[in-house]
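Report on one structure; see the data block that follows.
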Amino acid sequence: MKALASLKKSAQQSKTFKKGDRVIISCVSRCGTCENCQKQLYAHCRNEGGWIMGYMIDGTHAEYVRTPFADTSLYHLPEDLNEDVAVFLSDILPTSHEIGVQYGDVKPGDNIAIVGAGPIGMSALLTAQFYSPANIIMVDMDDNRLEFAKTVGATHTVNSGKEDAIQKILEITDGCGVDCAIEAVGVEPT
């Protein structure tokens, strides 16, 4: 379980959590008391919080994890929420939503393209639907992922290994192109 853990040793210091609690770990640690945390700028925590997991301290791909500021950086996992689904809530889904969909300013009626049908791209696909775009075009080279994208909301799919993705997107959008392109692969060619 990547960013999902059972709280163990640090529980003695926590006021909110106890040993054995099922928790979701925020990808951003926050003290909750500094000026930036009070402004909800948690990634800029002034008391050694922020984007530190996997960067300044060990990441969360482990059974046991030390979580700074546990009382403000952990969340109880509801009993009825499947752990395999919950793991996406700590980093992949919120990152896709904020960095892809919100920063991309997806609006009702937009044409959007998402390049990469892996976990980040699929999370962007799922959360983009909250904003009612007219078309969500998923681009990837894996037909299985593209088929799955259709089942979870893609209006169109393009296999960039078999066809010219730009030309196909222009056809789908009547030559207009897209209002937002979300790159979810992380390599320069995409």
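By convention here, the first residue in the shown sequence is residue 1. Just so you know, these numbers use all the heavy atoms, side chains as well, and skip hydrogens, waters and symmetry mates.
In this structure, Glu147 and Thr157 have side chains that are not in contact, with every pair of non-hydrogen atoms separated by 4.5 Å or more. Side-chain contact between Arg46 and Glu35 is present, with at least one heavy-atom pair separated by less than 4.5 Å. Between Asp140 and Leu146, the closest side-chain pair of non-hydrogen atoms falls below 4.5 Å. Between Met122 and Met138 the shortest side-chain heavy-atom distance falls below 4.5 Å. In this structure, Lys107 and Asp179 have side chains that are not in contact, with every pair of non-hydrogen atoms separated by 4.5 Å or more. The shortest distance between side-chain heavy atoms of Ile25 and Ser73 does not fall below 4.5 Å. By the 4.5 Å heavy-atom criterion applied to side chains, Asn135 and Ile112 are not counted as neighbours. Residues Asn36 and Cys45 have side chains not in contact (no heavy-atom distance under 4.5 Å, counting atoms from C-beta outward).
In the displayed structure, Glu48 atom CD is contacted under 6.0 Å by at most 12 heavy atoms of other residues, nucleotides or ligands. At most 12 non-hydrogen atoms from other residues, nucleotides or ligands lie less than 6.0 angstrom from CD1 of Ile166. No more than 12 heavy-atom neighbours from other residues, nucleotides or ligands sit within 6.0 angstrom of CZ on Phe148.
In terms of heavy atoms, Arg30 sits closest to Cys37 at CB-SG, 3.7 Å. Between Phe69 and Asn47 the shortest heavy-atom distance is CZ-O, 3.0 Å. Shortest non-hydrogen contact noted between Ala184 and Ile120 is CB-CG2, 3.8 Å. Residues Val106 and Ala128 share a closest heavy-atom pair of CG1-O, 4.3 Å. The shortest non-hydrogen separation linking Leu125 to Ala154 is CD1-N, 3.6 Å. Taking both residues in full, the closest heavy atoms of Asp71 and Lys15 are given as OD2-N, 3.0 Å, listed atom of the first, atom of the second, then distance.
With side-chain heavy atoms closer than 4.5 Å counting as contact, directly or through intermediates, the hydrophobic cluster containing Val28 also holds Tyr42, Trp51. Within the hydrophobic cluster formed by Ile, Leu, Val, Met, Phe, Trp and Tyr side chains joined at under 4.5 Å, directly or through other members, Val185 is accompanied by Val115, Ile137, Val139, Val158, Ile169, Ile172, Val178, Val187.
Residues that satisfy the side chain to side chain donor-acceptor pair (under 3.5 Å) test with Asn159, not counting sequence neighbours, are Asp143. Applying the side chain to side chain donor-acceptor pair (under 3.5 Å) test to Thr33 and every residue at least two apart in sequence or in another chain returns nothing. Ser132 is linked by a side chain to side chain donor-acceptor pair (under 3.5 Å) to nothing, counting only residues two or more places apart in sequence or in another chain.
One N or O on the side chain of Arg22 and one on the backbone of Pro78 form a donor-acceptor pair closer than 3.5 Å. Between the side chain of Ser160 and the main chain of Ala165, no donor-acceptor pair closer than 3.5 Å is present. Side chain of Glu171 to backbone of Asp174: no donor-acceptor contact under 3.5 angstrom is found.
With no hydrogens or angles considered, no side-chain donor-acceptor pair links Thr173 and Asn111 at under 3.5 Å.
Within the structure, ring pair (Phe, Tyr, Trp, His ring centres under 6.0 Å) pairs that include any residue of residues 92-121 comprise His97-Tyr131 (at least two apart or interchain).
Here the CD1-CD distance, from Ile114 to Glu183, works out to 11.5 Å after rounding to the nearest 0.5 Å. The distance from the CD atom of Glu83 to the CG atom of Leu81 is 9.0 Å, given to the nearest 0.5 Å. Taken to the nearest 0.5 Å, the NZ atom of Lys39 stands 10.0 Å off from the SG atom of Cys34. Atoms CD1 and OG, from Ile99 and Ser123 in turn, are 13.0 Å apart once rounded to the nearest 0.5 Å. If you take OG1 on Thr155 and CD1 on Ile136, they are separated by 6.0 Å, rounding to the nearest 0.5 Å.
Under the 4.5 Å side-chain contact rule for hydrophobic residues, Phe130 and Ile182 share a cluster.
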Quiz item: Step by step, would you call Ile24 with His76 a side chain to side chain contact (heavy atoms under 4.5 Å, CB included)?
Solution: CA-CA 6 Å; Ile24 298 171; His76 287 283; over 6 Å; no
